[in-house]
Student: 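Dropping a structure here in structure tokens format, bear with me for questions.
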There are 2 protein chains.
Amino acid sequence: MIRVLLVDDHEMVRMGLAAYLSTEDDIEVVAEASSGEEGVKLAVELKPDVVLMDLVMEGIGGVEATRRVRETCPSCKVIVLTSFIDDEKVYPVIEAGAFSYLLKTSRAAEIARAIRAAAAGEPVLESRVAGKIMARFRHGQEAQPHEQLTPRELEVLKLIGQGKSNQEIADELIIGIKTVKTHVSNILSKLGVEDRTQAAIYVHTHNLD
Amino acid sequence: MIRVLLVDDHEMVRMGLAAYLSTEDDIEVVAEASSGEEGVKLAVELKPDVVLMDLVMEGIGGVEATRRVRETCPSCKVIVLTSFIDDEKVYPVIEAGAFSYLLKTSRAAEIARAIRAAAAGEPVLESRVAGKIMARFRHGQEAQPHEQLTPRELEVLKLIGQGKSNQEIADELIIGIKTVKTHVSNILSKLGVEDRTQAAIYVHTHNLD
DNA sequence: TACGGACTCACCCCTTTGGGTGAGTTTTTT
DNA sequence: AAAAAACTCACCCAAAGGGGTGAGTCCGTA
């Protein structure tokens, strides 16, 4: 019997999963959590075989919840279940220890299959997610352009993403405007964009909040 | 008996709703649709009392689906059920004829209540949605700043949101750069922002794709 | 017809931005 | 201790952005 913990703040989704999974003889839903915190707590207590984890939740998100579950219960396989693929949380959550990655548009049978696969030690990646991962390795492991920014540059980039001018950024960071300009130049070059507007768009399309 | 049609491309959500609603004596799920098109078709055929409609779907979205359902089956009450509140699709879908608006984080009991309310002719607005609607009326019906943009200005704004320079916008629209600058000035003034970067951010936070 | 709104373009002028280059200081790593 | 990376600031200069103003055309409507 595969013991499963559901973590999702959507009651309907939990009910749907629970209803479907209860029809599978070899799968047992041992508990449901409506938040990341609760999910971590239940995972530690119950040591389920598989955790079905939503990514977007109030409080600590699925990424942090996954990290904590992996820390406190390394035997738990975390299957991430989320709505969107464009979320740039794909890489972080995999780094956080997610074992499989599915989309919520998946058929119910797919999910049952992924649960059995996880219990058997086989990860499952939704095809589009797999494509992203492959692309990342193909293009060299440098990954996201913004990951090669220095901490200070990242800080400046976020302020650009808030629509701040160089002077405002200088005031906020208590440095000279000349220094800000240097950072901005380096940022534009590293991100491969032409101006601060494109950099701001980068921030928003990559959710660098 | 209240006859309900479910429209959602997430099989799990449909299952969860169907499972829960089947426990309610006065509610009957007469059909499920996994796309907007299918939902419209089934609504016409079955004339349900209430349609539970997801907003984000492949193909025609929930907004267009709602409009068509209302056109072809005016007696059907459409309850919109979506994940996010920041979606600026709230107003459009209400204009399209949505009767109630709930979030997917709602408790299942809330949904059953909303279904009964809809059948009785009472709309239900999730509190945060209600707040938005109220705010819109309080601030004068002018609503979103970008709605007072002219068609041409909106076109330019979208290009700003793509990170285009004035010259690139001029080339794309086959007009002079002086004209673009005029549009940009008017846009900044109407949106109440200081520069094109903030305008680009506006585009992305308001989903003006 | 007259009016207003939208779209177009122009001129003047100032500010901001961004590239290139150099260089000093601090922090971290080797 | 030496090397590398990060952070800081500076100067020069060209390009782009943005405010203000004026004005012509076209189109739909009162």
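Lettering follows sequence order; numbering is per chain, from 1.
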Student: Check whether any side-chain heavy atom of Asp49(A) sits under 4.5 Å from a side-chain heavy atom of Lys77(A), and report yes or no.
Tutor: no
Student: 5'-most contact on DNA chain C: Val193(A) or Ile175(B), nearest heavy atom basis?
Tutor: Ile175(B)
Student: Rounded off to whole Å, could you give me the CD1-to-P distance for the Ile177(A) and dC7(D) pair?
Tutor: 19 Å
Student: If the cut-off is 4.0 Å, is Ser185(A) near the phosphate of dG20(C), judged by side-chain N/O to OP1 or OP2?
Tutor: no
Student: Are any of the side-chain nitrogens in Asp54(A) or Lys104(A) under 4.0 Å away from the carboxylate oxygens of its partner?
Tutor: yes
Student: Measure CD1/Ile187(A) against C1'/dG19(C) and give the value in whole Å, please.
Tutor: 15 Å
Student: Among dG18(C), dG17(D), dC9(D), find the nucleotide with the atom closest to the side chain of Asp195(A).
Tutor: dG18(C)
Student: For Pro151(A) and Asn186(B), take the nucleotide of DNA chain D holding the closest heavy atom to each; which residue's nucleotide lies nearer the 5' end?
Tutor: Pro151(A)
Student: Would you indicate what Thr182(B) reaches in the nucleic acid, counting non-hydrogen atoms under 4.0 angstrom: base, sugar-phosphate, or nothing?
Tutor: base
Student: Quick check: are there more than 12 heavy atoms from other residues, nucleotides or ligands sitting under 6.0 Å from CD of Glu58(B)?
Tutor: no
Student: Separation of Glu194(A) atom CD from dG17(D) atom P, in whole Å?
Tutor: 10 Å
Student: Roughly how many Å is it from CG in Leu149(B) to P in dC7(C), rounded to a whole number?
Tutor: 10 Å
Student: Rounded to the nearest angstrom, tell me the gap between atom NZ in Lys181(B) and atom C1' in dG22(D).
Tutor: 16 Å
Student: If we only count heavy atoms from C-beta on, is the Val184(B) to Arg196(B) side-chain gap below 4.5 Å?
Tutor: yes
Student: Report yes if a side-chain nitrogen or oxygen of Thr150(B) is closer than 4.0 Å to either non-bridging phosphate oxygen (OP1 or OP2) of dA6(C); otherwise report no.
Tutor: no
Student: Looking at Arg68(B) and Glu71(B), is there a salt bridge between them, counting it only when a charged N and a carboxylate O are closer than 4.0 Å?
Tutor: no
Student: Please determine if a side-chain N or O atom of Arg152(A) lies less than 4.0 Å away from the OP1 or OP2 oxygen of dC7(D).
Tutor: no
Student: Can you see if the side chain of His183(B) gets near the phosphate of dC7(C) - specifically, an N or O under 4.0 Å from OP1 or OP2?
Tutor: no
Student: Would you indicate, yes or no, if dA16(D) has its OP1 or OP2 atom less than 4.0 angstrom from a side-chain nitrogen or oxygen of Asn166(B)?
Tutor: no
Student: With respect to the side chain of Val184(B), which nucleotide from dT17(C), dG17(D), dG18(D) is positioned closest?
Tutor: dG18(D)
Student: Could you state the CG-P distance from Leu188(B) to dG18(D), rounded to the nearest angstrom?
Tutor: 6 Å
Student: Between Gln198(B) (CD) and dG17(D) (C1'), how many Å, whole number?
Tutor: 13 Å
Student: Nearest whole angstrom, please: distance from the P of dA6(C) to the CG of Leu154(B).
Tutor: 13 Å
